[in-house]
A.B. asks: 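Quick one: this structure, given as structure tokens, is what I'll be asking you about.
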Amino acid sequence: MAKLADAPDLGSGGVTPVEVRVLSPAFFRMTNWNPTTWQEAQTTQQPHYADSEAMDRAVEALSKLPPLVSSWEIETLKSQLADAANGKRFLLQAGDCAERFTDCTPERITGQLKVLLQMSLALVHSTKRRVIRVGRLAGQYAKPRSSDTETIDGVTLPSYRGDLVNDIAFSELARTPNPNRLLRGFERSAMTVNFVRALIDGGFADLHHPEYWDLGFVDHSPKASEYQAIIASIAESLRFMETLAGESIGAINRVEFFTSHEGLHLHYEQAQTRQVPRRDGWYDLSCHFPWIGARTTDLDGGHIEFFRGIANPVGVKVGTHEVEMEKLLDVLHPNNEPGRLTLIHRYGEKKVEGELPKLIDAVQATGKQVLFVCDPMHGNTQRTASGIKTRNFDSILSELEQSIDIHKKMGSSLGGVHVEVCGQNVTECTGGARGLDEAGLGDSYETLVDPRLNYEQSIELAMLIGQKLG
Ligand code: PEP
Ligand code: CO
């Protein structure tokens, strides 16, 4: 991919028509792309800032700050995702539905890291595949909403769009989109990334010490002994390999960790999108793996326009809106670059059987390779009789199990899972080994947007999918 600066001037005669014809369509399109071209497209789900100059100033300030991740890490992740598409690794993408600014605390961050590490151990153990750990973390601050406004007791205010935009409190001041939040969100993302890196570099994620990641799970869960057995067996394998090697094996002491969020707020993403020395293309350096939400997949929309130009591996949620797959792949995955595109399907347990085969067929018809991942959360949200948003553990598991079977039957494979989890003992989803029922939802229901699996449910899910895949 050529850098914009090196691109021939197609309009004014720098290149003859004959040369233009031999350029690939992808190259031709890239000459018309830069991090702001999305602004010319119809873009949904963006907040309305009354003071657009203040917004411009915030974007300008953001664009001068150092990035959160590097292009080296992004390329490493891309090659690991390519391995996952080939069945050699498995992607675990997990974290909050919406991070809150108040979640930027050591307890919360270690909680999320621990739950991801524990889930990944369960998956490694049974799938015998290396697991790529990607957090919905360090920037998952912007949320799509079904309506621009919310009305309570006759008062209508802008909807809450995530802490990056406004505050959940129902007052005019709190709900007015505030551009300074873009900077506050970026800073919290930086602090989160910094702490995660320090923990990992300092040995917290050392596979010899999984006890560092204990969440209290072992004390009282019905699944505790199963988890302990997994830990013991991994420790045993490590010792065995180290005995063979005669020393500790550096590369497996530490795990790697990547960050992701929905690339929804395009001014925010634009501000962190840079060209880097000695590499072609543009990188969105706000996280390693941004994804396009299910509501913003319109082929002519600003999100597709923005994402087509960045070199990161990208995800696309599929399930609520009709997507013309061939065209989508043409725009986002023109060169069939290994690891570039992940399709995250989220149909729900009742629809997956009818819809997933059509998706797989449509992708197979293009001859291109993508990584298929199942998000078993967003198609299974329900409300209880008293109006509480919840999800049931068995529905989540059922969508995952059906997905694994459907892929297998069609000569495809499920290469990962995308879930909303919490490292605390919240009560937001029903079911699981402890049989949380609707009456128990009120005990510790915290989420601002979607219900998450608590740590026991998360680890149980990882053990069950591992068994199904193993
Ligand atoms: C989400 O991942 O929190 C979300 C809003 O998902 P989707 O775009 O699939 O609805
Ligand atoms: Co969600």
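When a ligand or atom number is given, it counts from 1 through the structure's own listing order. FYI, side chains are in, hydrogens and waters are out, and symmetry mates aren't considered; it's all heavy atoms of this structure.
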A.B. asks: I need the contact type for K143 against ligand 1. Using non-hydrogen atoms and a strict under-4.0 Å cut-off, is it side chain, backbone, both or neither?
C.D. replies: side chain
A.B. asks: I'd like to check which ligand 1 atoms, numbered from 1 as shown, lie under 4.0 Å from a non-hydrogen atom of E420.
C.D. replies: 1 (C), 2 (O), 3 (O)
A.B. asks: Is W291 close to ligand 1, meaning an N/O of one under 3.5 Å from an N/O of the other?
C.D. replies: no
A.B. asks: Ignoring angles and geometry beyond distance, decide whether P144 reaches within less than 3.5 Å of ligand 1 through its nitrogen or oxygen atoms.
C.D. replies: no
A.B. asks: May I ask you to check whether over 12 heavy atoms, not counting those of E353, lie within 6.0 Å of atom CD?
C.D. replies: no
A.B. asks: One pair to check against side-chain contact (heavy atoms from CB on, under 4.5 Å): H288 and S260. What are the steps and the verdict?
C.D. replies: CA-CA 6 Å; H288 302 104; S260 71; over 6 Å; no
A.B. asks: Within ligand 1, which atoms have a heavy atom of C97 less than 4.0 Å away?
C.D. replies: 3 (O)
A.B. asks: Examine D375 against ligand 1 and note whether any of their N/O atoms are separated by less than 3.5 Å.
C.D. replies: no
A.B. asks: To make sure I understand the geometry: which N, O or S atom in H378 is closest to the Co ion (ligand 2)?
C.D. replies: NE2
A.B. asks: Give the intermediate values and the outcome of side-chain contact (heavy atoms from CB on, under 4.5 Å) for residues M325 and K368.
C.D. replies: CA-CA 11 Å; M325 249 329 124; K368 290 181 182 170; over 6 Å; no
A.B. asks: Any nitrogen or oxygen of H418, side chain or backbone, less than 3.5 Å from one on ligand 1?
C.D. replies: no
A.B. asks: Please list, in number order, the atoms of ligand 1 under 4.0 Å from a heavy atom of G293.
C.D. replies: 8 (O)
A.B. asks: Closest N/O/S atom of E420 to the Co ion (ligand 2), by atom name?
C.D. replies: OE2
A.B. asks: State whether the side chain of E460 and the backbone N or O of G432 hold a donor-acceptor pair below 3.5 Å, judged by distance alone.
C.D. replies: no
A.B. asks: Does E262, backbone or side chain, put an N or O under 3.5 Å from an N or O of ligand 1?
C.D. replies: no
A.B. asks: Polar contacts were defined as any N/O atom of the residue lying under 3.5 Å from an N/O atom of the ligand; does this apply to K317 and ligand 1?
C.D. replies: yes
A.B. asks: Is the closest side-chain donor-acceptor distance between Q424 and E446 under 3.5 Å?
C.D. replies: no
A.B. asks: Of all N, O or S atoms in D450, which has the smallest distance to the Co ion (ligand 2)?
C.D. replies: OD2
A.B. asks: Start with the C-alpha gap between M463 and S126, add the side-chain angles, then the distance that decides, and say whether side-chain contact (heavy atoms from CB on, under 4.5 Å) holds.
C.D. replies: CA-CA 8 Å; M463 293 195 287; S126 35; over 6 Å; no
A.B. asks: Could you label the plane-to-plane angle of the F306 and W33 rings as parallel, tilted or perpendicular, counting under 30° as parallel and over 60° as perpendicular?
C.D. replies: tilted
A.B. asks: Can you label the angle between the Y347 ring and the H345 ring as parallel, tilted or perpendicular, going by 30° and 60°?
C.D. replies: parallel
